[in-house]
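Down below is the structure, laid out as structure tokens.
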Amino acid sequence: MLEFRILGPVELWSDNSELPLNGKKQRTMLAALLLADEQVLPDYRLGEVLWGKNPPDTYQAQIYTYASRLRHHLDGQAEIVRKGAGYLLRAVSGRFDYREFQALCAAGRTALRERDFREATRVLQEALALWRGPTLTDVTEQLMETAGPGIEEARMEALENRISADLALGGHEELTPELVALVGAHPLRERLRAQLMVALYLSNRQADAFAAYHAGQRHLQEELGVDPGPALRHAYQAILTGEPEAVWHEPADLPAHPRGYGTPLAVRRGPLAGPDQLTIPGRLVVRAPRQESRLGAGTRFGKARRCYP
């Protein structure tokens with residue numbers, strides 16, 4: 001069975017053996033086609049993710065060559081189809097790690113809302129275990145900046161949901177060192193800081209919990225010029241009233257698609273394993289984008305990659 005992997009280095013596996021993908025351009029084309037979710041990527045969009053705004057005059061011929069090389073690995077389980085002035089990847093069978101990740105995250109969110117915390121922890125741990133490092137390793141800078149931030153955001157929100165479930169199960173003392181490290185790496189991420197406050201409070205460190213709040217308040221004011229948002233304010237009030245359990249019962253909704261990939265998540269069963277399926281990238285296919293992820297610009301993604309826990 002073919003396995004398509006983007007949650008880490010972009011790889012293609014068949015029957016537990018890695019298939020050779022020669023060069024950054026070939027990996028980029030495979031990843032872009034996967035994220036396009038069986039929709040046509042026009043040549044000019046592929047040219048942009050492969051070379052930037054100024055592709056070479058021979059870019060269409062080079063794209064044809066990359067497509068031909070990828071076809072040799074698909075062994076009838078998927079096909080790369082030339083359609084109009086573009087390409088699409090159509091899968092017959094196989095696995096796509098990001099789709100599996102999305103399906104597990106959806107199950108985790110449901111379990112968290114239903115307060116089935118053990119099930120939420122189990123499926124979210126399974127989802128996070130699919131990651132083998134920073135996503136989309138060894139692709140072009142253009143594709144990484146387009147698709148990477150939203151995928152990284154999905155991982156962070158899955159991590160936050162798993163921490164919420166672990167807090168509800170009484171794991172505050174074990175979680176505190178992890179949360180201290182995460183807040184240090186992501187000081188403006190308010191939900192993580194709220195979770196740290198709860199873990200500290202439940203560990204009989206109320207003064208440290210309030211200190212964490214005020215440190216976050218300073219970071220937000222100094223770097224963004226804003227006051228704490230609902231997550232931090234809610235945690236602060238919950239600790240004041242002695243009801244910290246109110247903080248972890250609501251899961252974060254994962255973004256429907258990577259930043260810049262402008263259509264919402266389509267949930268359907270397709271030939272690749274996993275019920276959740278990423279929809280077409282609005283900045284690559286011929287369709288006007290409807291919405292964008294909440295994560296900031298690609299420079300923040302670069303920082304997130306350096307802080308990968």
Side-chain angles (χ1 to χ4, degrees), residues 1-14 18-52 55 59-102 135-148 150-151 154 256-263 265-266 268 270-274 276-287 289:
M1 175 183 289
L2 281 179
E3 295 183 44
F4 300 95
R5 302 179 180 180
I6 68 168
L7 301 181
V10 175
E11 295 174 350
L12 179 61
W13 288 67
S14 178
E18 185 177 1
L19 302 176
L21 295 174
N22 297 320
K24 184 176 292 189
K25 296 285 196 298
Q26 194 172 7
R27 294 175 188 274
T28 297
M29 184 162 177
L30 175 61
L33 290 171
L34 286 167
L35 290 170
D37 188 28
E38 301 191 7
Q39 299 294 318
V40 176
L41 290 187
D43 289 348
Y44 74 94
R45 293 297 190 191
L46 281 168
E48 287 181 355
V49 299
L50 289 168
W51 290 281
Y59 81 95
Q60 287 179 302
Q62 293 188 55
I63 289 172
Y64 176 85
T65 299
Y66 299 140
S68 297
R69 291 174 180 171
L70 287 171
R71 287 188 183 106
H72 291 311
H73 296 311
L74 300 182
D75 195 27
Q77 298 182 60
E79 59 180 348
I80 295 175
V81 180
R82 177 69 170 170
K83 193 169 183 179
Y87 292 85
L88 66 86
L89 188 154
R90 180 180 295 129
V92 177
S93 61
R95 301 176 61 184
F96 179 22
D97 60 357
Y98 186 50
R99 187 177 302 164
E100 293 182 16
F101 172 80
Q102 290 179 308
T135 189
L136 295 175
T137 304
D138 298 330
V139 302
T140 62
E141 182 178 348
Q142 293 82 10
L143 182 62
M144 186 175 69
E145 289 183 350
T146 299
I151 300 175
H257 51 83
R259 182 180 186 273
Y261 281 57
T263 54
L265 185 68
R268 65 177 175 84
L272 291 178
D276 284 19
Q277 197 158 348
L278 185 69
T279 55
I280 35 182
R283 292 173 69 179
L284 297 182
V285 301
V286 186
R287 183 178 298 189

Apply the test side-chain contact (heavy atoms from CB on, under 4.5 Å) to residues Ile63 and Tyr87: give CA-CA distance (whole Å), side-chain angles for both, the deciding distance (0.1 Å), then the verdict. CA-CA 9 Å; Ile63 289 172; Tyr87 292 85; 3.4 Å; yes
Keeping the roles fixed (side chain from [X], backbone from [Y]), state whether a donor-acceptor pair exists under 3.5 Å.
X      : Y      : answer
Glu3   : Arg95  : no
His73  : Leu12  : no
Thr135 : Gly148 : no
Arg5   : Asp97  : no
Asp138 : Pro9   : no

*Is the number of heavy atoms from other residues, nucleotides or ligands under 6.0 Å of Glu18 CD greater than 12?*
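Yes - once you tally the heavy atoms of other residues, nucleotides and ligands closer than 6.0 Å, there are more than 12.
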Nearest 0.5 Å, what's the [atom1]-[atom2] distance between [X] and [Y]?
X     : Y      : atom1 : atom2 : answer
Met1  : Ser14  : CE    : OG    : 10.0 Å
Arg45 : Gln142 : CZ    : CD    : 13.5 Å
Ile6  : Ile151 : CD1   : CD1   : 4.0 Å
Leu30 : Lys25  : CG    : NZ    : 15.0 Å
Thr28 : Leu136 : OG1   : CG    : 8.5 Å
His72 : Ile80  : NE2   : CD1   : 10.5 Å

Steps toward side-chain contact (heavy atoms from CB on, under 4.5 Å) verdict (Trp13, Leu2):
CA-CA 6 Å; Trp13 288 67; Leu2 281 179; over 6 Å; no
CA sep, side-chain torsions, deciding dist, call: Leu33, Met29, side-chain contact (heavy atoms from CB on, under 4.5 Å)
CA-CA 6 Å; Leu33 290 171; Met29 184 162 177; 4.0 Å; yes
Q.
Evaluate Lys24 against Leu50 for side-chain contact (heavy atoms from CB on, under 4.5 Å), listing each step before the verdict.
A. CA-CA 9 Å; Lys24 184 176 292 189; Leu50 289 168; over 6 Å; no
task: Return the orientation label for the Tyr98 and Phe96 ring planes: parallel under 30°, perpendicular over 60°, tilted otherwise.
output: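 Aromatic pair Tyr98/Phe96 classed perpendicular.
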Under a 4.0 Å N-O cut-off, is there an ion pair linking Arg82 with Asp43?
->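 Asp43 and Arg82: salt-bridged.
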task = Please determine if Arg71 and Glu79 form a salt bridge, counting it only when a charged side-chain N lies under 4.0 Å from a carboxylate O.
result =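 Here Arg71 does not pair with Glu79 in a salt bridge, since their nearest N and O are not under 4.0 Å apart.
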Closest heavy-atom pair and its distance - [X], [Y]:
X     : Y     : result
Arg69 : Gln26 : CB-NE2, 3.4 Å
Val49 : Ala32 : CG2-CB, 4.4 Å
Gly47 : Pro55 : O-CB, 4.2 Å
Ala78 : Leu89 : CB-CD2, 4.3 Å

